[in-house]
J.: 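Please see the structure below; I have some questions.
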Number of protein chains: 2
Amino acid sequence: MAKTGDPAHAATGPALSTLDFALDRGSPVPLYHQLAQQLEAAILLIVLAPGNLLGNEVDLSVRLGLSRPTIRQAIQSLVDKGLLVRRRGVGTQVVHSQVRRPLELSSLYDDLEAAGQGPTTEVVRNETVPAPAEAAAALGLAEGAEVVLLERLRRTHGRPVALLCNYLPSGLLGLDSARLEATGLYRMMRSAGITLHSARQTVGARAATAAEGSRLEEKEGAALLTMQRTAYDDTGRQVEYGTHIYRASRYSFEFQLLVRP
Amino acid sequence: MAKTGDPAHAATGPALSTLDFALDRGSPVPLYHQLAQQLEAAILLIVLAPGNLLGNEVDLSVRLGLSRPTIRQAIQSLVDKGLLVRRRGVGTQVVHSQVRRPLELSSLYDDLEAAGQGPTTEVVRNETVPAPAEAAAALGLAEGAEVVLLERLRRTHGRPVALLCNYLPSGLLGLDSARLEATGLYRMMRSAGITLHSARQTVGARAATAAEGSRLEEKEGAALLTMQRTAYDDTGRQVEYGTHIYRASRYSFEFQLLVRP
DNA sequence: CAGTGGTCTAGACCACATC
DNA sequence: ATGTGGTCTAGACCACTGT
């Protein structure tokens, strides 16, 4: 029915009908993706108001000159991102949370992106060693197989935040320490043609030993965050195992969980 | 070409062609989902070997009597789960990691599922209070608005593991303490028609205060894991804010991160 | 009842990887 | 040159939601 103005649950904004989308069929970017990006932009700029919204898929498809499956593919990608909600028999709505967060997975991203960017990283060790049992198991190698051991100290504002210890299958990657400090591990892996796909992390806490304390400028017994991570590339091969410790006073993990039904 | 037996990169197992799938068009379960489940089962039982596999989509569609989009939808869902990899011009392969993990997001699930199941939970407080600033902000309410405060002590094997403090918008849910101890918070929310969609978590660490130590049977100064979480339902509304502390000696978070390109 | 999204089909053409 | 997945179309019917 769409009465004009129903403040109850239908936030009547500019609505979708007044927006126009620029679709370029000549572009290498898929149409569904072009549409998704422009819808997302409209949502994030709150041109599309939270609450009720989005005409039905059939109308949309004729208005934009696209087939319904293409429209659906675009909408679905935004549903997956948590920006839209679909209800059968009702319609597609812009999610209405006041706090619309960045939504991206972090902590891996912190290291993926920020690695070597904002903070500084000092390579403490970078050598080939026989794999300790823990690393061998995580990487799917025999114990004692050759692996590259990487130990790095990360600082922000000149003060230590984390001590990172990583193991990589030897020969996977050339690891120049200077470039490592400038570029970051994940960026180097990406440049080497390794596309990360997923990672399994375990986060815990414990008290700092005296040695750890002196390296991180904490007292012995101070609370530390610990993290072990195994990272997989897009073929499912283990490409990295890391065991890290963080000063809890200066670092915490923040991330988004999605519940799948 | 598919030479029979190419141990180099094509783990020649029973291959897909020998498997048959039972598709029930009368079932309310979508065909793509039936196919996905059966493929997943075959992969997990290693009937389908890691490495090379899976005939092309067109063949599959004629063999199973389904259209290609339907086949693709099934395959895509397994790609999203990280069980399959697609490469243009190459084909679809079963991911080859020796360690194929449960894959599901945890820690929220720990609480979603295990809540009230294995471990026991004692409700310490369950009352309506004015929202403290932190909880109000997380829930998108005015400071001092009425919220339900829930404080629970969780034990495994009779010994404490965690102290959970939750805030919920008042009126969202009837919260009977006895049922809460037997059923768990998330199960009760689900029964009340609230479908959780996502949550934002922050994990950190700090030393236990004397009071916390005595409640968790730890010494003062022992390392604790801390977690703050805001949970959203499928419409994007905040439905819960929690601030939890865990004995680091008995608990850690484990979870899977997916990297999106 | 009318309107919505959910599923499914049978084609088509293109981009990319490999030989 | 061939075979693969990636994209896209124009329909169809069903299941659910609201009135």
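What's counted below: heavy atoms across the whole structure, side chains too, no hydrogens, waters or symmetry copies. Per chain, numbering begins at 1; letters A, B, ... match sequence-line order.
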J.: OP1, OP2 of C/dT4 versus side-chain N and O of A/Thr92: anything below 4.0 Å?
T.: no
J.: In whole Å, what is the span from the CZ atom of A/Arg88 to the P atom of C/dT7?
T.: 7 Å
J.: Take B/Glu40 and B/Lys81 through the test side-chain contact (heavy atoms from CB on, under 4.5 Å) and record every step on the way to the result.
T.: CA-CA 10 Å; B/Glu40 179 169 0; B/Lys81 278 197 185 179; 2.9 Å; yes
J.: Taking the side chain of B/Val90 as heavy atoms from C-beta outward, which of C/dT4, C/dT18, C/dT9 is closest to it?
T.: C/dT18
J.: A/Gln34 has an atom CD; how far is it from atom C1' of D/dG6, in whole Å?
T.: 15 Å
J.: With a cut-off of less than 4.0 Å, is there a side-chain N or O of B/Asn56 near OP1 or OP2 of D/dT4?
T.: yes
J.: Does OP1 or OP2 of C/dG11 have a side-chain N or O of B/Ser67 closer than 4.0 Å?
T.: no
J.: Picking from D/dT7, D/dG5, C/dT9, which would you name as closest to the side chain of B/Arg25?
T.: C/dT9
J.: Between A/Tyr32 and D/dT7, does any side-chain N or O lie under 4.0 Å from OP1 or OP2?
T.: yes
J.: Could you state the atom-to-atom distance from CD1 of B/Ile75 to P of D/dT7 in whole Å?
T.: 14 Å
J.: Kindly give the heavy-atom pair with the smallest separation between A/Leu141 and A/Val147, and that separation in Å.
T.: CD1-CG1, 3.7 Å
J.: Quick one about A/Asn166 and A/Arg152 (side-chain donor to acceptor, distance below 3.5 Å, no hydrogens or angles considered), yes or no?
T.: yes
J.: Are B/Gln76 and B/Arg86 linked by a side-chain donor-acceptor pair shorter than 3.5 Å?
T.: yes
J.: Taking the side chain of B/Pro69 as heavy atoms from C-beta outward, which of D/dT9, D/dT7, C/dT9 is closest to it?
T.: C/dT9
J.: Name the nucleic acid region contacted by B/Arg72, choosing base, sugar-phosphate or nothing; use a 4.0 angstrom heavy-atom cut-off, strictly under.
T.: base
J.: Respond yes when some side-chain nitrogen or oxygen of B/Thr70 is under 4.0 Å from OP1 or OP2 of C/dT9, and no when none is.
T.: yes
J.: To the nearest Å, how far apart are B/Arg68 CZ and C/dC13 C1'?
T.: 11 Å
J.: Just checking, any donor-acceptor pair under 3.5 angstrom between side chains of A/Glu240 and A/Tyr186?
T.: yes
J.: Rounding to an integer number of Å, can you tell me how far A/Ile71 CD1 sits from D/dT9 P?
T.: 9 Å
J.: B/Gln73 side chain: which of C/dT7, D/dG5, C/dT9 is closest?
T.: C/dT7
J.: For A/Arg86 and D/dC16, what is the distance between atoms CZ and P respectively, to the nearest whole Å?
T.: 17 Å
J.: In whole angstroms, how far is the P atom of C/dA17 from the CD atom of B/Gln93?
T.: 14 Å
J.: Hey, which of these two, B/Val29 or A/Gly89, hits DNA chain C nearer its 5' end, going by closest nucleotide?
T.: A/Gly89
J.: Please report the distance, rounded to the nearest Å, between CG in B/Asp24 and P in C/dC8.
T.: 12 Å
